[in-house]
Amino acid sequence: MLRAIVSDIHGNLEALEAVLADVRRASAGALVSLGDFVGYGASPNECIARLRPHIEAAVAGNHDLAACGKLKLGYFNPDAAAAARWTDAALTPENRAWLADLPFRARWAGALLVHASPAEPAEWNYVLSPADAALELEAFEEPLCFIGHSHYPGTFGAEGRRIRYTRDHEVRLEPGHRYLVNVSSVGQPRDGDPRAGYLLWDDEAGWLRHVRLEYDVAGAMRRIHEAGLPRFLAERLQWGE
Ligand code: ZN
């Protein structure tokens, strides 16, 4: 079955609409989210309302928990903290309760879903190098784990203890290998490519595709300005950084 995985939407409705339209075009039969539904962007409730009816599973991101008061803002930079406070005030009680109830891990289609780190799901570590990935791969049994959090798409593939990293968009899954897949951010890419991203996974044919899509960046920026959120949160969308 063709499956779609989204992550780090960050309240960016324009980016989410582009991704959901592509998921429909691809005829993906199932959709899940790796968290950070909210934070940074100006459409937190709209993004939850749009996504929630379509997802089979979801895990909590640090920005989701920060926005509903379950995570201290101490280690957030000033713009992220300001956005978390804005989001906290904007969320409906129902959406806040839903975010607060999201689990740290979920199993789906034989794979593991975690927002940041499979080894320490509540610690929000970044997995950026094969050395990071080696520790994480020892912490779970499943053949695949999908993570978000860094907003930096790529795939770590392990054959025994040997780990290879690739930023290829198309990845063939080799039988007997294990994978830790960093899924692109829908709403705030940080790899220098401003296009919205998500992942397609065909678990029968054995491939992954890191998909990138043009979307209405100007519209998302305008909403951030109108909401009175920090200007940098709008500007970074056009750079993808
Ligand atoms: Zn994020």
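Read the numbers this way: they start at 1 and go in the same order the structure lists the ligands and their atoms. Because the structure is a prediction, the values reported are computed rather than measured.
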Exercise. When you check the side-chain N and O atoms of Asn62 and Tyr75, is any donor under 3.5 Å from an acceptor?
Worked result: yes
Problem set entry | Test: Arg223 and Asp216 ion pair at under 4.0 Å | no
Exercise. Out of the N/O/S atoms in Asp36, what is the name of the one closest to the Zn ion (ligand 1)?
Worked result: OD2
For this session: Could you tell me whether Gln238 atom CD has more than 12 heavy atoms of other residues or ligands within 6.0 Å of it?
Result: yes
Exercise. How many degrees, to 10°, between His10 NE2 and His151 NE2 as seen from the Zn ion (ligand 1)?
Worked result: 90°
Seminar exercise, completed: the Zn ion (ligand 1) has as its nearest N, O or S atom from Asp8 the atom OD1
For this session: For the pair Arg25 and Asp22, find out whether any cationic side-chain nitrogen is under 4.0 Å from an anionic carboxylate oxygen.
Result: yes
